[in-house]
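Atom set for the values below is all heavy atoms of this structure, side chains included, hydrogens, waters and symmetry mates excluded. Numbered from 1 within each chain, the chains take letters A, B, ... in sequence-line order.
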Amino acid sequence: SRVEEAKSPERLFLGSLGLSGRPRPAGSQQPGRHVPSALWRMFRRSEGDHAEESDPCTVSEYGVRGNIIRYVQDQGRLVSGWSSSCRACLEKQLYFNMSVLQPVELLSLAQLEITFHWKLLQGPRALSVSLYQVIRATLRGADPQAGRRLLLSQSVRLQHEPTSVAVDLTALAEGWRKPGRNYGLLLELLPLDAEPEELLPFHPGNSLPLEPASALPLVQASLVAVSLNPHQCRSGRRRR
Amino acid sequence: RSAVHLPVTPSNVCKARRLYIDFKDVGWQDWIIAPQGYMANYCHGECPFPLSESLNGTNHAILQTLVHSLDPHGTPQPCCVPIHLSPISMLYYDNNDNVVLRHYQDMVVDECGCR
């Protein structure tokens, strides 16, 4: 009964922290999940000796106002093998649920971070990376190009460590907060300096010149969302 | 009426006291990644007449202590409350498996006063 008694004020307190209830235990998270090192760095800095001098409602790492930094997980699926528009491409859908932000929050920054986890079997390689905004759901058999808009096209040199690309999607992510407006993104990857037969690794069931690191997904994407809750960020206060 | 002076030992005077909140004690250790707890502190003590400057009393509190000294049963002493708080940061998983770093204001009592 003491637990029940404690639940009501706990709900009030969690509500003031911007939470509808207790989040699920961290132990039940998907395997392989981790706290991004950038978040750890920001957390440690906020606890550091010079923390008093910094404004808790400004995220200096990104140079924007905000008191909440989320690593929004990608919920899109990997469409392994042949892309509908590019036979040699690897295609990945990206979807970030922006409804996790409360309506009161002001979105300051949404930065897409894509990390490629490949080990190289031979020499340096480059990938052509194309990122599309999916504007609407396309019907089967319809032209796949019609329902999407190119956001980014660049080549990425693969290194011996995971390689990352960052894209500012703040305006787009703001639109995703409205119900029914989020069709996600489409990522197309094409190896640039490989022979056609070497492109086969992207097709299931073939040998792997670009060997994926076994425990990691080939492509990992997170949306770093920085937002400001104006009710929790009054001006003129200094942090501890 | 003459003022009633109640003896107040220094240890009873309003000031910040140490309170460490361990998130394990409130059952939040499973979703808060860091910190595991923090020094939250609290205010406790009396606001006696006459209010010294160290008690950070408002003009209202000074007058209230005066009235209290004249009529201890009819008028209470001012309250010993936080007058300066500072924020902390918390790192946690939300219900969508996102990792969140959030700064929360007014989590640590730095200074107390009579109000």
Side-chain angles (χ1 to χ4, degrees), chain A residues 3 6 10 13-14 16-30 33-36 38-47 51-52 54-59 66-73 75 96-97 99-100 222-223 225-229 231-234 237-240, chain B residues 14-44 54 56 58 79-113 115:
Chain A
V3 171
E10 182 190 54
F13 183 72
L14 289 174
S16 76
L17 296 186
L19 297 165
S20 55
R22 279 189 194 194
R24 277 194 299 270
S28 71
Q29 306 302 310
Q30 297 162 9
R33 293 288 311 281
H34 68 287
V35 179
L39 268 191
W40 271 122
R41 272 198 302 277
M42 283 185 248
F43 174 75
R44 296 219 170 91
R45 190 181 56 77
S46 74
E47 286 195 311
E52 271 182 42
S54 65
D55 174 3
C57 294
T58 297
V59 182
N67 66 322
I68 308 161
I69 306 144
R70 288 183 179 85
Y71 265 66
V72 184
Q73 292 303 306
Q75 296 175 12
F96 301 98
N97 179 8
S99 71
V100 295
S222 292
L223 192 74
V226 181
S227 59
L228 178 85
N229 183 330
H231 298 166
Q232 293 171 347
C233 270
R234 300 182 295 278
R237 305 301 297 270
R238 297 187 75 83
R239 69 171 298 113
R240 186 176 176 77
Chain B
C14 171
K15 67 176 179 185
R17 318 279 167 152
R18 287 166 70 86
L19 169 66
Y20 182 80
I21 292 185
D22 189 333
F23 290 129
K24 223 180 246 181
D25 293 341
V26 289
W28 293 0
Q29 75 278 10
D30 289 337
W31 59 274
I32 295 180
I33 303 164
Q36 295 173 343
Y38 76 105
M39 195 62 77
N41 304 330
Y42 68 98
C43 294
H44 184 71
S54 65
N56 300 298
T58 55
C79 296
C80 176
V81 294
I83 57 165
H84 187 265
L85 295 117
S86 56
I88 64 162
S89 299
M90 280 161 58
L91 195 57
Y92 62 91
Y93 287 109
D94 71 8
N95 272 326
N96 292 276
D97 290 346
N98 303 315
V99 185
V100 184
L101 174 63
R102 196 160 173 153
H103 304 301
Y104 291 108
Q105 290 200 315
D106 300 342
M107 295 286 278
V108 178
V109 173
D110 292 325
E111 218 176 322
C112 301
R115 299 290 154 101

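With a 4.5 Å cut-off on non-hydrogen atoms, A:L14 touches chain B through its side chain but not through its backbone. For B:Y38, no part lies under 4.5 angstrom from a heavy atom of chain A.
The two residues A:E10 and B:V26 come nearest to each other via the heavy atoms OE2-O, 4.1 Å. Between B:H103 and A:G66, the shortest heavy-atom contact is CD2-O, 4.5 Å. Across A:P23 and B:Y92, no two heavy atoms sit closer than the pair CG-CD1, 4.5 Å.
B:Q105 is not listed as a side-chain neighbour of A:N67, based on a closest heavy-atom distance of 4.5 Å or more.
A distance of 10.0 Å separates CG of B:N98 from CZ of A:F96, quoted to the nearest 0.5 Å. Note that OH of A:Y71 and CG of B:D94 are 14.5 Å apart. Values are rounded to the nearest 0.5 Å. A distance of 7.0 Å separates CZ of B:R102 from OG of A:S227, quoted to the nearest 0.5 Å. For the atom pair CZ (A:R41) and CG (B:L101), the distance works out to 12.5 Å, reported to the nearest 0.5 Å. Taken to the nearest 0.5 Å, the CG atom of A:N97 stands 11.5 Å off from the CG atom of B:D97.
When each of A:I69, A:L39, A:I68 is checked for a side chain to side chain contact (heavy atoms under 4.5 Å, CB included) with B:V100, only A:I68 meets the rule.
Taking B:D22 as the reference, B:Y20, B:K24, B:D25 meet the side-chain contact (heavy atoms from CB on, under 4.5 Å) condition, with sequence neighbours excluded. For the side-chain contact (heavy atoms from CB on, under 4.5 Å) test, residues two or more places apart in sequence or in another chain that qualify with B:T58 are B:H60, B:A61, B:R115.
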Quiz item: Taking it one step at a time, do B:V99 and A:W40 satisfy side chain to side chain contact (heavy atoms under 4.5 Å, CB included)?
Solution: CA-CA 11 Å; B:V99 185; A:W40 271 122; over 6 Å; no
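Side-chain atoms of A:R22 come within 3.5 Å of backbone atoms of B:G27 as a donor-acceptor pair (strictly under, hydrogens ignored).
The environment of A:Q75 atom CD is dense: over 12 non-hydrogen atoms of other residues, nucleotides or ligands sit within 6.0 angstrom.
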